[in-house]
Structure formats: C-alpha cells, structure tokens
Colleague: 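There's a structure below that I have some questions on.
Treat the numbers as computed from the prediction; the structure is a model and nothing was measured. Residue numbers start from 1 in every chain, and the chains themselves are labelled A, B, ... in the order their sequence lines are given, proteins ahead of strands.
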Amino acid sequence: MDLARPDLRPDPSLSRAEMESLQREIAAAATFADDHALDPDSVAVGEAASLADGLPPARSDAVANETLPGTGGAGDESEAPTVVGVDQAFLTDRDDGRPDAAVSAAVALRGGSVIEYASATTPLSIPYIPGLLAFREGDPILAALDALDADPDLLVCDGSGRIHYREAGLATHVGVLRDVPSVGVAKRLLCGEPDESTDERPEGWRTPICADDAVTTAEPGTVIGHAFQSRQYPNRKRVNPLYVSPGHRVSAETAVDLVAALCAGYKLPETTRLADAHAERAKGDAA
DNA sequence: GCGACAG
DNA sequence: ATCTTGTCGC
C-alpha cells in the first residue's frame, strides 16, 4: 500500500482504546502548518462541472505527469498542483442485515479539470462510530488512492481533519499515513465551537472553530478549523456552512482558502462533488 | 443518568 | 452513509 508511515497503520483487530491511542500518535505526527506553501490560486476551479449529463471525461494529461528523460523531474513550477478528492458510497445487501462494502472514489483535478478517475471496493471492518470514522473509511480511501496513477499534491477528504476529539480525523489520518498535504471538509460539526454564530451568513463568510472541552489533545481556544459559508441562496432558506479543517501539512487558514478556491458555485468543492458522483457511478456498476 | 456525536 | 416523493425556486 506504500505508506509513508507504516508504523501507524491500524491493525484490523485494535480495541477501541488502542484506536484512540493510535489517533494520538497520528495527531502528534501531523503538521498543522504550511510547509510546502500550496497556493490556493494555483488550485482554483473556474467553472463547475455539470453533473447533469454524466461525469466529464478525464482529460488525457500523461505528458504533464511524465518526467522527461534527463530533466530534473521534481517540482515543475509551471504546472498546476494535482488535487485529489475522495469520497465513498456503500453497498448493502438488501436481504438480511448482511455486511456491506465501501466503494471509494478518487478524482484527480489539475487546473480545474479532471485528469483521472479511480475507484476501489473494500469490505468494511467496523461500523460507523463518531470519532473513529477513519478506521472504517481510511483503508478504503487508501485503496482508491492506490488505484490512481496521478500522485496528489493535496487530498480533499469528506469529513473532519483536525476538528476531532484527538485532532486526528479522517483527513489527518489519511494525510499522515501517506505524508501528503490534506484538508478535511465536513458538512456537520463534530466538536469545537464557532467563534461567532453561523446563522444566515453571506457567501464567502468564515469564522474560526476553536477547541472546546471535547477536544482532549488541544488547549481550549486553539483554532482547529473554520466554518465556511460556501454557498447561499438569495431568497431562500438558509444553507449550512462547511466545516473545514487541516488534515496534514496545511494550516487552518490555508485549508479554508484552498477549499474556497475549489468551490465553483455549489456548496461542496468540486473535488467532493466529482468524487461523490464517481463513487455513485462505481456503486451502480457493481450492482 | 443526560447530552453530543464527521460518514 | 442509506432508504425514498414531492416540492420549492432560480
């Protein structure tokens, strides 16, 4: 599976206490600061993909991904970073409470357009438990990333990163195991407290999420993410904000700037919309 | 015991 | 997350 930190890979038979302990190690190994200075402008998506008539085709981008013989290879500044969105759908046996499987999708974007789709189907180990989501969805996500040829400069995960009881949400978990910059985008708040009320805020508005008593590994008041109003209707009922947090190697501020740049008129960033749609397609193909 | 709890 | 119909508004 090519993990950057194989020592932190969860054993399938961990107890709950062991999973929580591993999360503290993962959080300790995580960096909640910008080290490679990903520029939000370089990942910006101009126009939203229209999911109405199917997913957009993956643009062939083999040349840009190739290392030319005799050339340096690393870090071509003229090329836009590869941003990979991951999401999953689940298969349930209709018959009698049979165990289900996760269908994970990874979609790679460069310069605002899709360059590759990948997916993987993985048996599920544990049920959903708040705070332990990464132990259910982590391996399936890694499997989808393994199926991807492109190598990510940034991962966008469906769920929290640092906004987590032990600062080790799904985005942090995956980011640390692969040692790749990552951000978490959640539709609901797991823990922490918004600085200001999130009611009826205009598009583009944001406020810090500060650690509260539920966050056991951080001083109360530590900024662990942001609420971000990515979308708002002019005349209609309110839209809930997104909860954006650093996964790994990204600061809270940059995380929300990156997600803002990846939004193109919908509540969810394009990476998430496309990964969600691809997971549904793959699920349908399986069934 | 009660409340809170990503996907 | 998943199971599902209609409904409102741009």
Colleague: B:dC5 P sits how many Å from A:Phe135 CZ, rounded?
Modeller: 22 Å

Colleague: In whole Å, I'd like the distance from the CG atom of A:Asn240 to the P atom of B:dG7.
Modeller: 11 Å

Colleague: Measure OH/A:Tyr128 against C1'/B:dA4 and give the value in whole Å, please.
Modeller: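 Roughly 11 Å, once rounded to whole Å.
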
Colleague: Taking CG from A:Leu268 and P from B:dA6, how many angstroms apart are they, rounded to a whole number?
Modeller: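 Going from A:Leu268 (CG) to B:dA6 (P), I get 16 Å.
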
Colleague: Without decimals, in angstroms, what is the distance between A:Asp212 CG and B:dG3 P?
Modeller: 18 Å

Colleague: Shared ILVMFWY cluster between A:Val215 and A:Leu132, side chains joined below 4.5 angstrom?
Modeller: no

Colleague: Closer than 4.0 angstrom, basic N to acidic O: yes or no for A:Asp158 and A:Lys187?
Modeller: yes

Colleague: Send over the distance from A:Gln23 CD to B:dC5 C1', rounded to a whole Å.
Modeller: 14 Å

Colleague: Can you name the residues that form a side-chain hydrogen bond (donor to acceptor under 3.5 Å, both in side chains) with A:Arg166, not counting sequence neighbours?
Modeller: A:Gln23

Colleague: Indicate yes or no for a side-chain donor-acceptor contact from A:Glu18 to the backbone of A:Ser15 under 3.5 Å, with no hydrogens or angles considered.
Modeller: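 It does hold such a pair.
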
Colleague: Without decimals, in angstroms, what is the distance between A:Leu189 CG and B:dG7 P?
Modeller: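 So the CG-P distance, A:Leu189 to B:dG7, works out to 10 Å.
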
Colleague: For nucleotides 1-4 of chain C, which of its nitrogen or oxygen atoms have a protein nitrogen or oxygen under 3.5 Å away, and what is each distance?
Modeller:
{"residue": "C:dT2", "atom": "OP1", "partner": "A:Phe90", "partner atom": "N", "Å": "3.4"}

Colleague: So, are A:Glu200 and A:Arg238 salt-bridged, with charged N and O less than 4.0 Å apart?
Modeller: no

Colleague: Residues of residues 164-182 of chain A with any non-hydrogen atom less than 4.0 angstrom from an atom of DNA chain B: list those, numerically ordered, please.
Modeller: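 A:His164, A:Tyr165, A:Gly169, A:Leu170, in order of number.
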
Colleague: Hey, does A:Gly131 reach any base, or is it just sugar-phosphate, or nothing, if we go heavy atoms under 4.0 Å?
Modeller: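 Answer is base: heavy atoms of A:Gly131 come under 4.0 Å of a base.
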
Colleague: Around atom CG of A:Asp213, are there more than 12 heavy atoms of other residues, nucleotides or ligands at under 6.0 Å?
Modeller: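 Counting neighbours around CG of A:Asp213, 12 or fewer heavy atoms of other residues, nucleotides or ligands fall under 6.0 Å, so no.
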
Colleague: Using a heavy-atom cut-off of under 4.0 Å over every strand shown, decide if A:Leu242 touches base, sugar-phosphate, or nothing.
Modeller: nothing

Colleague: Roughly, in whole Å, what's the span from OH in A:Tyr243 to C1' in B:dA6?
Modeller: 12 Å

Colleague: Please give me the minimum heavy-atom distance between A:Glu116 and A:Ala147, naming the atom from each residue.
Modeller: OE2-O, 4.1 Å

Colleague: Indicate yes or no for a side-chain donor-acceptor contact from A:Gln232 to the backbone of A:Val239 under 3.5 Å, with no hydrogens or angles considered.
Modeller: yes

Colleague: Kindly confirm or rule out a cation-pi arrangement of A:Arg281 over A:Tyr117, judged by NZ or CZ under 6.0 Å from the six-membered ring centre and within 45° of its axis?
Modeller: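 So A:Arg281 does make the cation-pi contact.
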
